[in-house]
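All chains are named by letter (A, B, ...) in the order of the sequence lines, taking the proteins before the strands, and each is independently numbered beginning at 1. As the structure is a prediction and not an experimental result, all values here were calculated from the model. Note that these values count all heavy atoms, side chains included, but never hydrogens, waters or copies made by symmetry.
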There are 2 protein chains.
Amino acid sequence: MSRSNPRVLNTLERAGGFASAQEVYHLMQRAGESIGLTTVYRSLQSLADDKIVDVLRRDDGESIYRLCGDAHHHHLVCKGCGDAIEIPGGAIEKWAKTMAEEHGFRDVGHSAEIYGLCRKC
Amino acid sequence: MSRSNPRVLNTLERAGGFASAQEVYHLMQRAGESIGLTTVYRSLQSLADDKIVDVLRRDDGESIYRLCGDAHHHHLVCKGCGDAIEIPGGAIEKWAKTMAEEHGFRDVGHSAEIYGLCRKC
DNA sequence: ATGGAAATGAAAATCATTTTCATTTGTGCT
DNA sequence: AGCACAAATGAAAATGATTTTCATTTCCAT
């Protein structure tokens with residue numbers, strides 16, 4: 001069993017919030033760090049096993065990871081230019097909690113995204 | 001654009017309204033129906049576009065489809081068994097609208113999902 | 001019948017992820 | 001230092017779902 005490469009966790013932190021294995025890999029490449037894709041996958045998996053990161057699936061099927069307990073925010077994404085604005089969760093937080101409790105769910109998190117066309121597009 | 005092959009929808013119904021593309025394909029094969037995998041994928045996609053079926057992701061990355069109840073809803077997904085419960089949007093709808101307006105976005109939609117561990121897991 | 005549009009499906013391409021395996025690195029021991 | 005052995009690494013191949021390509025077939029309206 002392999003342990004997590006600290007640089008991977010580091011990169012995930014710098015990415016702020018969610019990132020896929022591929023994204024972490026490319027971020028590291030661009031940062032000039034030498035690492036193999038395989039190691040990135042193994043490290044993220046290991047972090048997930050240790051409950052240090054959360055794993056979710058994006059709609060396109062890619063797995064995304066984020067630090068547990070990270071103060072999270074949501075995104076307002078433009079369908080045209082892809083630009084994303086960070087926004088506070090507001091009412092969602094309570095909604096998620098209520099819904100989860102109502103159905104007896106534990107260890108709950110949530111994801112939410114708003115998408116549309118920004119002024120420029 | 002292709003329209004949905006009715007036999008696909010039919011099979012999905014017989015499957016208990018919950019199956020992956022591969023499963024639908026194999027069910028049809030076993031039932032002696034002649035159909036191509038490609039057509040199954042296209043039909044399910046088309047049904048999803050028309051909001052006739054819901055698309056979710058299983059933990060192994062396979063997309064699963066099921067007949068969906070009705071209008072707009074969100075999902076409470078179990079990280080353990082992958083089971084998904086439909087829940088009303090509630091506060092989210094207004095939140096999305098407010099946030100979008102605040103930033104001058106038009107043509108707005110949103111997605112939201114709650115995940116956790118269900119009672120059984 | 002005839003032409004064109006839509007539907008079909010076999011095979012190839014794609015893409016994230018996993019596996020294999022040979023090599024490198026690290027650590028403890030003498 | 002020298003040695004042995006376990007863990008970590010990563011390139012390349014394998015996997016498996018999904019998508020694309022493209023040639024063929026089916027449907028309709030004329």
Asks: Which residue pairs pass the ring pair (Phe, Tyr, Trp, His ring centres under 6.0 Å) test with at least one member in residues 85-105 of chain A, sequence neighbours excluded?
Replies: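 Non-adjacent pairs meeting ring pair (Phe, Tyr, Trp, His ring centres under 6.0 Å): W95(A)-H74(B).
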Asks: Return no unless some side-chain N or O of N5(B) is found under 4.0 Å from OP1 or OP2 of dT8(C).
Replies: yes
Asks: Of all residues at least two apart in sequence or in a different chain, which pass the side chain to side chain contact (heavy atoms under 4.5 Å, CB included) check with A31(A)?
Replies: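 With sequence neighbours excluded, A31(A) shows a side chain to side chain contact (heavy atoms under 4.5 Å, CB included) to E33(A), given in chain and number order.
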Asks: Given atom CG of L56(B) and atom P of dT18(D), what is their separation to the nearest angstrom?
Replies: 13 Å
Asks: E62(A) CD to dG16(D) C1': how many Å, rounded?
Replies: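 Interatomic distance, CD of E62(A) to C1' of dG16(D): 16 Å.
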Asks: Within this structure, what is the CZ-to-C1' distance between R57(B) and dA17(D), rounded to whole angstrom?
Replies: 9 Å
Asks: Going by salt bridge (Lys or Arg N to Asp or Glu O under 4.0 Å), name the pairs with one or both residues in residues 98-112 of chain A, residues two or more places apart or in two chains.
Replies: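 Every candidate salt bridge (Lys or Arg N to Asp or Glu O under 4.0 Å) pair involving residues 98-112 of chain A fails, so no pair, neighbours aside, qualifies.
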Asks: How close or far is atom C1' of dA17(D) from atom CG of D60(A), stated in whole angstroms?
Replies: 13 Å
Asks: Round to the nearest Å and state the distance from R58(A) atom CZ to dT18(D) atom P.
Replies: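 In whole Å, dT18(D) P and R58(A) CZ are 16 Å from each other.
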Asks: In whole Å, I'd like the distance from the CG atom of L44(A) to the C1' atom of dA16(C).
Replies: 13 Å
Asks: Mind checking what makes side chain to side chain contact (heavy atoms under 4.5 Å, CB included) contact with Q45(A), not counting sequence neighbours?
Replies: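 Side chain to side chain contact (heavy atoms under 4.5 Å, CB included) list for Q45(A), sorted by chain: empty.
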Asks: My understanding is that only residues two or more places apart in sequence, or in another chain, count here; which of them pass side chain to side chain donor-acceptor pair (under 3.5 Å) with E113(B)?
Replies: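 For E113(B) there are no side chain to side chain donor-acceptor pair (under 3.5 Å) partners, ignoring immediate neighbours.
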Asks: For a salt bridge (charged side-chain N to carboxylate O under 4.0 Å, His left out) check, start with the C-alpha distance between E23(A) and R66(A), then their side-chain angles and the critical distance, and finish with the verdict.
Replies: CA-CA 12 Å; E23(A) 282 160 4; R66(A) 82 163 169 194; over 6 Å; no
Asks: Among residues 21-28 of chain B, which ones have heavy-atom contacts with DNA chain C below 4.0 Å?
Replies: none
Asks: Considering residues at least two apart in sequence or located in another chain, which fulfil the ring-ring contact (aromatic ring centres under 6.0 Å, His included) criterion with H26(A)?
Replies: none
Asks: Check whether I114(B) and L117(B) end up in the same hydrophobic cluster, where Ile, Leu, Val, Met, Phe, Trp and Tyr are linked by side-chain heavy atoms less than 4.5 Å apart.
Replies: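 Each belongs to a different hydrophobic cluster.
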Asks: Can you check the L9(A) CG to dA8(D) P distance for me, whole Å?
Replies: 16 Å
Asks: Just by protein heavy atoms under 4.0 Å, how would nucleotides 19-27 of chain D read 5' to 3' in B, S and -?
Replies: BB-------
Asks: Think T39(A) has a side-chain N or O under 4.0 angstrom from the OP1 or OP2 of dT9(D)?
Replies: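 The answer is no; no side-chain N or O of T39(A) sits under 4.0 Å from OP1 or OP2.
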Asks: With sequence neighbours excluded, tell me which residues meet side chain to side chain contact (heavy atoms under 4.5 Å, CB included) with A48(A).
Replies: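 With neighbours one apart ignored, the set is V53(A), V55(A).
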Asks: Give S20(A) one of three labels, base, sugar-phosphate or nothing, depending on what nucleic acid heavy atoms sit under 4.0 Å from its own.
Replies: nothing
